[in-house]
There are 2 protein chains.
Amino acid sequence: MASSGTAPRRVTIHDVARSAGVSRQTVSRALNDKGEIDATTKERVLDAALALGYRPSRFARGLVRQDTISVGLVIPDLLNPFFTEVAAAALDAARTRGWHVVVYDTGDRPDEERGTLEMIASQVDAVVGYLSRPEEEIDKLARGLPVVLIDREHRAERFSTIRIDGEAGVHAAIRHLYDAGHRHIGMLDHAGRSEPSVRHDWFAGAMASHGLPAHAVSRADQSVEGGEAALKDLLAAHPEVTAVFTFNDIVAIGALRAARRRGLRVPDDLAVIGFDGLSLGALVEPPLTTVALNTRELGALAVEQTARLLTGETPLSTGELVVRGELRVRESA
Amino acid sequence: MASSGTAPRRVTIHDVARSAGVSRQTVSRALNDKGEIDATTKERVLDAALALGYRPSRFARGLVRQDTISVGLVIPDLLNPFFTEVAAAALDAARTRGWHVVVYDTGDRPDEERGTLEMIASQVDAVVGYLSRPEEEIDKLARGLPVVLIDREHRAERFSTIRIDGEAGVHAAIRHLYDAGHRHIGMLDHAGRSEPSVRHDWFAGAMASHGLPAHAVSRADQSVEGGEAALKDLLAAHPEVTAVFTFNDIVAIGALRAARRRGLRVPDDLAVIGFDGLSLGALVEPPLTTVALNTRELGALAVEQTARLLTGETPLSTGELVVRGELRVRESA
DNA sequence: AGCGCTCACGTGAACGTTCACGGGGGAGCT
DNA sequence: AGCTCCCCCGTGAACGTTCACGTGAGCGCT
């Protein structure tokens with residue numbers, strides 16, 4: 001009557017000990033290769049454990065030896081190659097430190113980001129990633145958890161932020177176009193927020209420094225299709241444009257495509273320069289000229305800062321938390 | 001003398017309780033929005049917690065309410081778009097279940113895979129992924145942990161495996177080429193293992209069914225450069241070849257590139273068909289014809305099976321654990 | 001006044017493991 | 001024989017939370 005129908009209680013180290021006729025400690029020794037145990041005893045314990053289907057509780061273990069670190073990595077869209085590269089870099093940096101990385105893909109939905117943050121907070125020792133929600137909210141949800149942000153456009157003060165500085169790179173890109181004779185240069189900005197992006201500011205600055213107007217701007221969804229549509233818009237509104245700088249490489253690839261469909265030759269009829277430096281850009285035709293970011297460094301920096309926050313070392317200064325873009329000339333411009 | 005220099009002991013719920021002049025339980029109530037607590041008391045507790053920098057131990061919490069599930073996702077190379085897609089799909093499927101996914105990128109090194117498995121085993125409730133080590137070893141390292149494998153070529157018996165069945169798709173691909181008049185069709189196989197891949201077997205079978213020989217085979221590293229080199233080899237050894245089927249899309253893209261460098265027009269001079277159905281394939285020029293796999297389904301299946309293994313439901317049968325490839329004709333063939 | 005009910009809070013126990021000890025027994029030595 | 005030492009093993013405590021209770025104060029009702 002008591003043997004059946006009861007809740008399927010977890011099999012603990014006690015059960016194994018009893019079954020093998022030893023104590024908990026001996027079982028622990030056997031499972032963790034601790035030494036101080038007879039070979040035959042060890043085998044007997046191991047057999048018992050296997051027979052009972054015993055698996056140690058990671059919680060109980062973690063509770064007593066507090067030695068495992070795991071960080072949450074929050075990403076808007078893993079399928080976006082930029083974030084893929086950043087994630088890969090972060091995973092790599094974390095691996096060398098023996099950290100566990102819990103990855104959350106918010107699918108570009110800010111409301112998901114909120115829920116994610118909520119469930120994350122109780123499961124990791126730190127959060128790094130690309131968050132778009134307001135700082136106060138992050139602060140509230142993270143509840144004192146170390147947080148390292150990536151490329152947060154509005155100056156994040158409360159948290160460490162890896163800043164992306166493309167100013168010099170964009171200037172170099174515009175100079176490159178200028179030197180090639182282009183005078184009518186447009187931009188395909190993002191369409192996400194209502195305000196223009198920081199990248200657009202760099203573009204405008206660079207244009208101004210050559211005495212060029214920066215009014216030929218269209219907005220593009222961050223996808224290949226978005227880039228296609230945006231280039232069409234841009235050329236419709238500004239037929240004189242002979243070169244475009246884009247918010248990122250994905251959009252640029254869309255522009256490449258739209259240009260091809262229109263029968264425009266790249267770079268002869270239309271020059272295209274992207275932003276991000278995706279390895280994907282080298283695969284398309286023609287290979288994409290771009291302002292490249294070192295995503296490996298980006299991921300590594302984020303992890304490094306997280307480590308310092310975690311250990312209480314002196315964190316990196318804002319001046320050090322920067323990744324700069326640099327012009328990588330391929331064939332599209 | 002006692003106040004300084006001691007180890008930086010963790011601040012616990014006790015400390016908060018003492019500081020706020022209440023009991024542990026009240027603190028717990030305040031932090032978890034449990035109700036049965038006075039509003040002012042709650043605020044006082046929250047303030048104390050914030051002031052002390054208190055953060056609950058995920059281990060202690062997990063120990064008592066055993067409600068959070070986390071699975072390990074092991075991937076050979078996140079930068080390989082195929083695995084990116086699978087990972088994204090798995091993340092998505094896991095999210096709907098409220099699981100945490102710990103991601104490990106072994107960087108294509110089997111020795112890393114071993115270490116990963118070791119550290120993973122004590123940190124997750126199940127493992128899903130692409131593992132290449134021998135079954136006995138996985139078995140030993142996993143120690144009873146549910147394991148779901150993806151596309152394991154050598155029949156995995158001990159573990160659930162999501163099988164990739166490209167036979168029909170590859171037959172369709174070869175038929176497509178045959179109908180277009182191709183009689184000399186080569187293949188770019190992988191170079192990883194010493195034996196030919198299962199995909200090569202499908203290729204050979206399909207060729208045989210059209211009475212064609214399948215001896216024009218080169219081996220390619222799984223990279224764009226590998227594909228380039230392999231096509232060069234293939235054409236050197238078999239100049240009569242007018243069409244190639246490749247181990248995967250990445251290799252196919254390399255082949256596309258090598259063809260372009262040689263001045264061969266695709267598909268007129270050389271037809272190319274890949275395998276995997278990466279969305280990346282639609283971006284290259286010309287868009288890649290391929291035997292497409294539904295990676296979303298792949299990831300979803302893996303997670304679904306993991307769920308069944310975890311809850312003790314009746315697991316999916318091998319017959320259900322299959323993802324079939326189907327020919328997706330674009331422009332490269 | 002007495003009863004019962006609700007609200008706000010506290011107390012022991014439990015979750016499952018490892019750590020720091022402590023101890024028995026046999027082998028080897030003097 | 002007696003001592004020491006080492007090997008192997010067991011016992012209480014601790015890790016930091018939450019759960020299931022228990023309790024007292026205050027209030028409304030008859």
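Throughout, a chain's letter reflects where its sequence line sits, starting with A, and its residues are numbered from 1.
- Separating the CZ atom of B:R61 from the P atom of C:dG16 is a distance of 18 Å, rounded to the nearest angstrom.
- Contact annotation: A:S57 does not reach the phosphate of C:dC15 (side-chain N/O to OP1 or OP2, under 4.0 Å).
- Where B:R44 and A:V11 each meet DNA chain C at their nearest nucleotide, the meeting point lying more 5' is that of B:R44.
- Atom CG in B:D38 sits about 19 Å away from atom P in C:dT6, given to the nearest Å.
- Taking 3.5 Å as the limit, the base of D:dG16 and the side chain of B:R55 contain no donor-acceptor pair of atoms between them.
- A:S28 OG to A:R61 CZ: the interatomic distance, rounded to the nearest 0.5 Å, is 7.5 Å.
- With rounding to whole Å, A:R29 atom CZ is found 11 Å from C:dA20 atom C1'.
- For the pair B:T12 and D:dG16, the criterion of a side-chain N or O lying under 4.0 Å from OP1 or OP2 is not met.
- Under 4.0 Å is where a charged nitrogen must lie from a carboxylate oxygen, and between A:R29 and A:E36 at least one such pair does.
- Atom CD in A:Q66 sits roughly 14 Å away from atom P in C:dT18 (whole-Å rounding).
- Side-chain nitrogen and oxygen atoms of A:T26 include at least one within less than 4.0 Å of the OP1 or OP2 phosphate oxygen of D:dG10.
- Taking atom CZ of residue B:F59 and atom C1' of nucleotide D:dG16, one finds them 12 Å apart after rounding to whole Å.
- In this structure, the CD atom of B:E36 is 16 Å from the P atom of D:dT23, given to the nearest Å.
- The distance between atom CG of A:N32 and atom C1' of C:dG16, rounded to the nearest whole Å, is 13 Å.
- Within 6.0 Å of CD on A:E43 lie no more than 12 heavy atoms contributed by other residues, nucleotides or ligands.
- Between the CD1 atom of A:I13 and the P atom of D:dA14 there is a distance of 19 Å, rounded to whole Å.
- Using a 4.0 Å heavy-atom criterion, one finds that A:R10 contacts the sugar-phosphate atoms exclusively.
- One finds the CD1 atom of A:I162 at 11.0 Å from the OG1 atom of A:T318 (value rounded to the nearest 0.5 Å).
- At a cut-off of 3.5 angstrom, the base of C:dG16 holds no donor-acceptor pair with the side chain of A:R58.
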(message) Applying side chain to side chain contact (heavy atoms under 4.5 Å, CB included) to A:D125 and A:V71, what does each step give before you reach the verdict?
(response) CA-CA 5 Å; A:D125 302 302; A:V71 309; 5.5 Å; no

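- Between the side chain of B:Q25 and the base of D:dC19, a donor-acceptor pair under 3.5 Å is found.
- At a threshold of 4.0 angstrom between heavy atoms, the contacts of A:K34 are confined to the sugar-phosphate backbone, with no base atom among them.
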